[in-house]
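What follows is a single structure, written as structure tokens, with notes after it.
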Amino acid sequence: MMTKTILGISAFYHDSAATIVRDGEIIAAAQEERFSRKKHDPRFPKRAINYCLEEAFIESSDLDAIVFYDNPILTLDRVVKNCIEYDQTSLNQFKKASSSILGIKIWVEQYILEAIGSLGKLGKVLFTEHHMAHAASAFYPSPFNEATILTLDGVGEWCTTSVGMGNGNKIELTKEIAYPHSIGLLYSAFTYYCGLKVNSGEYKLMGLAPYGTPKYYDIIKEKIVDIKEDGSYCLNTEYFGYPDSLVMTNDKFEKLFGGPPRVPETKITHKEMDLAASIQKVTEEIVLKIAKNAIHETGIRQLVMAGGVALNCVANGKLLSENIVDNIWVQPAAGDAGGSLGAALLASHAYFSIPRRMNSNGRDTQKGSFLGPSFKSSEVIAFLERKEYPYQQIIDSDLRATKIAQSIAEGKIVGYFSGRMEFGPRALGARSILGDPRKTETQSIMNLKIKFRESFRPFAPSVLADDVSEYFELTAESPYMLLVAPVRKERCLPFGLTEFQSGNSDMLPIINQPRSDIPAVTHVDYSARIQTVHPDDKPDYYKVIKTFRQITGYGLVVNTSFNVRGEPIVCTPQDAYMCFMRTDMDLLVLENCLLYKEDQPSLKNDDDWRKTYELD
Amino acid sequence: MNSTNKEYSIQVEEFFLEILVPLAKKLHSNKTPIFFRKKPDPAIDTYFMKRKKTTITPEDFETGGCNSPEGLRKALVSLWTAEGHAELLTIADEITKLAGSAHYPEEQSSEVSPFIYVMF
């Protein structure tokens, strides 16, 4: 069979991205935001496409197919029918929606032609369906020959939730829930009401939930969402703004929850914490019931998931801990960016009938999600020399790992830039900031002095895959930081919540109390969002953690994305250096070069850098 | 907003008020809601709907796009005819006209598109 190289594109919603797949193997994938430096950039991913073409060593005219990840005609159909359904009240929404869909989205083919000068060998663009692309992104790279498939997101064309199964090359989605009923939009409505940004604040809301109690659970189920035994659900749209206005909630929603939405950047109160806990509980109920029902129908206890809601790693963890599934695999780029990957894989297998590639070692074919650009040491050194930034090159990887691990053990914060950039929202050891999980103050230092973000937000551990059950109630692999599990009981420490529970909503005193012997990665409910690190996926990172274990006895480090609040994860050595210098990081690792903060000249004319990034 | 956008905005408003709203009123007089459920129904067992197409065929890959206003019109007519929504066929021409006016390239150098919201 002739080689088939396929470009998948997702664009115009949020987090545009491109992926190139060759004969079913993922060659490259990247989000546009990493190149444009605009977080969640929805614009046509010209830069990401160019990167993918370079990585695959081909011209656009060599592409066997170009595939867009959804069907703009069906999206237009939804916009029109929605406006007819809501007639007079939806004028403003229709104005905006029609500009977007009629002005931009239906002209995908022309954007591609203008951006890359060719439509490939087919001379036309192929289109998938949004949830089919999500399903493909979940199933094809997974380690399972057959699996139950679940996709959950805000909305794609009409579909918001789909259920089916994959077997070999074949994907079948059998049933769905359609707009306006959407678990993703429901979660986003609460995100909005709690004063957080839709499409990026959902993760924060999930992190806030353990501080609260689910006081509003009953009222949400009584008034807003009906959940059937099979997990299917229906929203009472009278409480939402999104069907006919430009915001997520409306007056009726506000009346139900006792006032207007929280003003962004104001103090978070117990009300927001309780709302977060409540909607998280509702979400988990829906996800768990749907998964249970789907597995009952397919008879396959291996589950794969994608769609933005699949990033809810607390719900994912419960699928395992409550024994609903035997194994779970979640696409790390579960949101719309991953649609580009799904579209390309779907065309490979369902359009060109290319046999599916499975990994002979039983692991997935996502390549650790290290699918983005990398920089050779020679390129890094050329950059450092040109800029005259002092550095130490340490070629010996053992010695380098020792120096890095020692710094972390001394309480230093390390910017770690190594190898190909991650595809998806999580940093997995290629563009990461690392710290010591044993130190109570690591969480607040990293939040307030490094990331400049909200103090309540928890950090994740990167733990040696072999050691995971030593620290956490988890035996499965979680290579993409998509499972939450409890810290082992014997490691947990009691801590005082009395003042907090009696009404004081200041979260810092809680955060600064040790909750376990690894406090920096132990959330207030004794849970942790775990990344297991396998030597096959990321040998250099594995070596750093292993060396840290040799020094401290602990086989895990704190891992957070290499960026500040509102900034996309760094892509280039230049991005990394600027982020390093603008924050309180102590050491920067750029491939095999180490840069210490005290050696660096201060940045000139950079006082206004915070204005560069809009707060997320 | 530049003059082209203003013109388009007026055109959209006219379409909405003079064509879409009267059509909506007519359709609502026969049945409401028209296209989708708006609130829960305690009487039913499930809100899942069986999908009409459960797999994607090579032909399906070739039906999602259009490269001209006429292509858009044909795609809408084909979709609504297949669905049995004859009442919508009357607006296909008007939507095509709007698409012709709205069609503009997105500038890569500009700020992040205002159309970031997930729904649109």
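Chain identifiers are assigned alphabetically (A, B, ...) following the order of the sequence lines, protein sequences preceding nucleic acid strands; residue numbering begins at 1 within each chain.
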Any side-chain heavy-atom pair from B:Asn67 and A:Val125 closer than 4.5 angstrom?
no
Flag the one option from B:Gly71, B:Ala75, B:Pro33 with the top tally of heavy-atom pairs under 4.5 Å to chain A.
B:Pro33
Between B:Asp41 and A:Cys234, is there a side-chain heavy-atom distance shorter than 4.5 Å?
no
Taking it one step at a time, do B:Lys53 and A:Glu172 satisfy salt bridge (Lys or Arg N to Asp or Glu O under 4.0 Å)?
CA-CA 9 Å; B:Lys53 282 189 81 75; A:Glu172 191 180 14; over 6 Å; no
Scored by heavy-atom pairs under 4.5 Å with chain A, the best of B:Glu13, B:Lys25, B:His85 is B:Glu13
Is the shortest heavy-atom distance from the side chain of A:Ser90 to the side chain of B:Phe16 under 4.5 Å?
yes
Applying side chain to side chain contact (heavy atoms under 4.5 Å, CB included), run through B:Phe48 and A:Ile290 and close with a yes or a no.
CA-CA 10 Å; B:Phe48 276 124; A:Ile290 291 178; 4.1 Å; yes
Between atom CZ of B:Phe15 and atom SG of A:Cys83, what is the distance when rounded to the nearest 0.5 Å?
9.0 Å
Quick one: closest heavy-atom pair of B:Thr54 and A:Met132, and the distance?
O-CE, 3.2 Å
Quick check on B:Ile34 against chain A: is it the side chain, the backbone, both or neither that has a heavy atom closer than 4.5 Å?
both
What closest approach, in Å, do B:Gly64 and A:Pro72 show between heavy atoms, and which atom pair accounts for it?
O-CD, 3.3 Å
Side chain, backbone, both or neither of A:Leu346 within contact of chain B (heavy atoms, under 4.5 Å)
both
Is A:Ala347 close to chain B through its backbone or its side chain, or both, or neither, when contacts mean heavy atoms under 4.5 Å?
both
In sequence, state the C-alpha distance, the side-chain angles, and the governing distance for A:Tyr239 and B:Lys39, and then conclude on side chain to side chain contact (heavy atoms under 4.5 Å, CB included).
CA-CA 10 Å; A:Tyr239 288 91; B:Lys39 55 169 74 169; over 6 Å; no
Residue from A:Leu74, A:Asp77, A:Val108, A:Leu122 scoring the most non-hydrogen pairs under 4.5 Å with chain B is A:Asp77
Please determine if B:Lys38 forms a cation-pi arrangement with A:Tyr86, meaning its NZ or CZ atom is less than 6.0 Å from the six-membered ring centre and no more than 45° off the ring axis.
yes
For the residue pair B:Thr46 and A:Ser232, confirm or rule out a side-chain donor-acceptor distance under 3.5 Å.
yes
Quick check: are there more than 12 heavy atoms from other residues, nucleotides or ligands sitting under 6.0 Å from NZ of A:Lys223?
no
Find out whether A:Glu129 and B:Asp60 are in side-chain contact, i.e. whether some heavy atom of one side chain is under 4.5 Å from a heavy atom of the other.
no
Quick check on the interface: out of A:His181, A:Glu229, A:Glu238, who has the most heavy-atom pairs with chain B under 4.5 Å?
A:His181
Does any part of the side chain of B:Tyr8, heavy atoms only, come nearer than 4.5 Å to the side chain of A:Ser98, both counted from C-beta?
yes
Contact check, side chains of A:Leu102 and B:Leu98, non-hydrogen atoms, under 4.5 Å
yes
Heavy-atom distance under 4.5 Å to chain A: side chain of B:Leu79, backbone, both or neither?
side chain
Cut-off 4.5 Å, heavy atoms of chain A, and the answer for B:Leu88 is side chain
Does A:Phe127 form a ring pair (Phe, Tyr, Trp, His ring centres under 6.0 Å) with B:Phe61? I'd like the steps, not just the answer.
CA-CA 5 Å; A:Phe127 293 85; B:Phe61 281 95; 9.9 Å; no
Give the minimum heavy-atom separation between B:Ala24 and A:Ile84, together with the two atoms involved.
CB-O, 3.3 Å
Heavy-atom closest contact (A:Ile171 atom, B:Thr55 atom, distance):
O-CG2, 3.4 Å
Within the 4.5 Å heavy-atom criterion, are B:His28 and A:Asp87 side-chain neighbours or not?
yes
Atom NZ of A:Lys252 with >12 non-hydrogen neighbours under 6.0 angstrom:
yes
Using side-chain heavy atoms (C-beta onward) and a distance below 4.5 Å, is B:Met49 in contact with A:Lys175?
no
Pairwise distance NZ(A:Lys96) to OG(B:Ser9) - rounded to 0.5 angstrom
11.5 Å
Select, from B:Pro58, B:Pro22, B:Pro42, the one with the greatest count of heavy-atom pairs under 4.5 Å involving chain A.
B:Pro58
Looking only at A:Asn236, A:Leu126, A:Leu173, A:Asp226, the option with the highest number of non-hydrogen pairs under 4.5 Å against chain B is A:Leu173
Ignoring hydrogens and angles, state whether a donor on the side chain of B:Glu59 or A:Tyr351 is under 3.5 Å from an acceptor on the partner side chain.
no
Segment of A:Leu235 engaging chain B (4.5 angstrom heavy-atom cut-off)
backbone
Atom group of A:Asp70 that falls short of 4.5 Å from chain B, counting heavy atoms:
neither
Determine whether a donor-acceptor pair (N or O, by modelled atom type, separation under 3.5 Å) exists between the side chain of B:Arg51 and the backbone of A:Thr174.
no
Shortest non-hydrogen separation from A:Pro180 to B:Phe36 and the atoms involved:
CD-CD1, 3.4 Å
Chain B interface, residue from A:Lys124, A:Glu85, A:Glu157, A:Glu176 that has the most non-hydrogen pairs under 4.5 Å
A:Glu85
Which portion of B:Ile91 sits near chain A, non-hydrogen atoms under 4.5 angstrom:
side chain
I'd like to verify something: which residue of A:Leu91, A:Val67, A:Ile73 has the highest number of heavy-atom pairs under 4.5 Å with chain B?
A:Leu91
Does a side chain donor of either B:Tyr47 or A:Asp230 reach within less than 3.5 Å of an acceptor in the other side chain?
no
If I measure from the heavy atoms of chain B, does A:Ala178 come under 4.5 Å with its side chain, its backbone, both, or neither?
both
